[in-house]
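Here the structure is laid out as structure tokens; the discussion comes afterwards.
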There are 2 protein chains.
Amino acid sequence: MASSIHDLARHLNISIGTVSRALNGRADVNADTRQRVLEAAKQLNYAPNQSGRSLRQGATHSIAFMMQPHPGDLEYGEPFFIPFLTGLQAGFAERGLDLIVAMGAPGDYQQERLRRVVETRRADAVVLAWTRREDERIDYLTERGFPFATLGRSRSGSTSYPSLDLDFEKAGSEAVDRLVARGHRRIAAIRPSLDLNFGHLFLAGYRKALRRHGIEVDPALIADGFINEAGGYQVTPRVMPAEDRPTAIIFNNDAMALGGCKALAEMGIRPGHDIAVIVIVDTPLCRYFSPALTAFRPSLEPMGRRLAEMLLASLPAFAGPEGPRIIREVWPLELIARESD
Amino acid sequence: MASSIHDLARHLNISIGTVSRALNGRADVNADTRQRVLEAAKQLNYAPNQSGRSLRQGATHSIAFMMQPHPGDLEYGEPFFIPFLTGLQAGFAERGLDLIVAMGAPGDYQQERLRRVVETRRADAVVLAWTRREDERIDYLTERGFPFATLGRSRSGSTSYPSLDLDFEKAGSEAVDRLVARGHRRIAAIRPSLDLNFGHLFLAGYRKALRRHGIEVDPALIADGFINEAGGYQVTPRVMPAEDRPTAIIFNNDAMALGGCKALAEMGIRPGHDIAVIVIVDTPLCRYFSPALTAFRPSLEPMGRRLAEMLLASLPAFAGPEGPRIIREVWPLELIARESD
DNA sequence: CGTTTTTCCGTAAACGTTTACGACAACACA
DNA sequence: TGTGTTGTCGTAAACGTTTACGGAAAAACG
């Protein structure tokens, strides 16, 4: 059915070795021969069998992005996703690598899927997202010596891997600054209950800024819940006591913000009127919500592209002449002022 | 580094053939031996090298989903995506198949990427989305004899492949019925300008329903544009003439609807008050938009799961004892009444 | 006990590549 | 002419599996 390198060689009356060398651009092949091989390859539309190549070279020429829908994403759709992936794939494609996104079932935290990818050598490296403070995936990969990069930092695995993260601490801090400048003193914070690292960073920034402004941190104004709309809906009322209510809320996640706003509305509290709302990571939903939510926006597509570069720079096979190096970056979030604060 | 079947065999003092047979559950291996092999495999955490397996078996054990972001998706995020993929991956995982999402750059219509996947035999079959009326990808795959299934129908490639589609014709028709029942007579329709098949189906349903109600189809009330927010924004004014304006609009796409509503708002026409709006494919954005948009909702996760089943049923290697069969289904869309109509 | 069947396992080929190695011819140089 | 160099190509091994085949031992059977 599909043509192999043997067909090509037979068709040209030369050996498969020469065909392979011609195709791979090696120097020791006559210019004429190379030309003939390339033409014949196009004509028979031959492309080397990936399994054969991988087996021989010990490299799959593909990078796996471990993607794990959270429970609730089925209704939500995770709009964060496509722009980042588009950049990531572009960054790898430039170096001839395929991006494969490896999915698991929602909620099972990838460990099993990750092991499969690594142990069956389906990819040459992996990209992790949703990093946790203590992340067993990172521990596993470092222990196994398998190359990877992360979107987000972690305390696991020291700092011996490339990582690209957003400055959630600064964003949390800036959100407080902005609210305080507008006269707010009682500011609530809502974040995911998982060990997700950005939740910790955000809260650190929030706390620091409050102290800087001489405002005492009130534990009653901090809550966490499931990282989805239902989580926000469920947990928001907890930071809205009957008396001495907060006048502002910062949500660490867009889905939680939407659920939270629903809860507020049901309590008769109008976001943007009776209470100020700021969201840390902007998505299209923040823009279309009513009132449009003030939010901090990441530049996802460039981030994807950059993380691909960073991972490749750490791999001996792809690093430049100066050798592999570990790059770690923290990117800013840009405040998009809208109507909700 | 990574352990091979040879290591395992040496460790157990048996031949690699026996190891392989034990691992693959063949009958001709002693129960004791099998037990020992399985334990040793777990202990050395051995998993068969995929490249080796694929090469020998001529099968990659993976299915490629061709995903192609449209221009504009970088801001939009395509929320359709994750729920469908989650179901798709679940359906394949049950049969031991990996789903790999093969991405290309935005806008270049996959043909190149598809060829690469097929010719380098990176997957055993592919799943196509965004089918067009005349779809060169389908032509290519049928001509090449490469197995595939589609989300959406097409006129290409006869009907010799499994396909799962939504009943856009019925939805278009029901949308008109609903609007007419509420007293509307001048109803505009906006759809994507690409040859996307669902755009044709929608319009057919729209036309049929109008005629059924004795309403003449006015070409001035039908327009098409880019399938994104900018497209909707740009094209909606064209169906809003100064006199004899439509009192309702049906959008064939959520992103276009959001852009269209923005254009309407700028013209001083309030969706849900001054004009009725219905969207054919619901996404979370329709729910959160203000006014919340009445829309037709697909059940994406079950669709993904079902399409996986259907593709597998068409493959000799996975079909049941009754042999492979081509299943084609059309699923209904459920009307979610909200505030905009 | 002899013969047949069954159970279990080892051997070796094959999948499609890439690449180290060596061979051969042509050429340059002294 | 002899020696070394360069350019080009063929040969064959190797990557890690799976599997057809055959054989030896054990079991079943008469």
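- Between the CD1 atom in Ile100(B) and the NE2 atom in His61(B) there is a gap of 13.0 Å [rounded to 0.5 Å].
- Scanning DNA chain D 5' to 3' for nucleotides with an atom closer than 4.0 angstrom to a non-hydrogen atom of chain B gives a first and last hit of dG16(D) to dA20(D).
- For the pair Asn197(A) and Arg132(A), the minimum side-chain heavy-atom distance is 4.5 Å or more.
- Within the model, atoms CD of Gln57(B) and CG of Asp124(B) stand 9.5 Å from one another, a figure rounded to the nearest 0.5 Å.
- One N or O on the side chain of Arg34(B) and one on the backbone of Arg26(B) form a donor-acceptor pair closer than 3.5 Å.
- In this structure, the side chain of Arg306(A) does not engage the main chain of Gly304(A) through any donor-acceptor pair within 3.5 Å.
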Pick out the pairs of N or O atoms, protein on one side and nucleotides 6-10 of chain C on the other, that lie under 3.5 Å.
| from | atom 1 | to | atom 2 | distance (Å) |
| --- | --- | --- | --- | --- |
| dC8(C) | OP1 | Asn30(B) | ND2 | 3.3 |
| dC9(C) | OP1 | Thr33(B) | OG1 | 2.7 |
| dC9(C) | OP2 | Asn30(B) | N | 2.9 |
| dC9(C) | OP2 | Thr33(B) | OG1 | 3.4 |
| dC9(C) | N4 | Asp28(B) | OD2 | 3.4 |
| dG10(C) | OP2 | Ser15(B) | N | 2.9 |
| dG10(C) | OP2 | Ser15(B) | OG | 2.8 |
| dG10(C) | OP2 | Thr18(B) | OG1 | 2.6 |
| dG10(C) | N7 | Arg21(B) | NH2 | 2.9 |
| dG10(C) | O6 | Arg21(B) | NH1 | 2.9 |

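- Atoms CD and OG1, on Gln68(A) and Thr86(B) in that order, are 9.0 Å from each other to the nearest 0.5 Å.
- Here the rule is side chain to side chain contact (heavy atoms under 4.5 Å, CB included) with Glu39(A), and of Gln43(A), Lys42(A), Gln35(A) only Gln35(A) fits it.
- Each of Arg56(B) and Arg56(A) was matched to the nucleotide of DNA chain D holding its nearest heavy atom; the match closer to the 5' end belongs to Arg56(A).
- Within 6.0 Å of the NE2 atom in His11(A), the count of heavy atoms belonging to other residues, nucleotides or ligands does not exceed 12.
- Across all strands, Ser20(B) comes closer than 4.0 Å to base atoms (heavy-atom distances).
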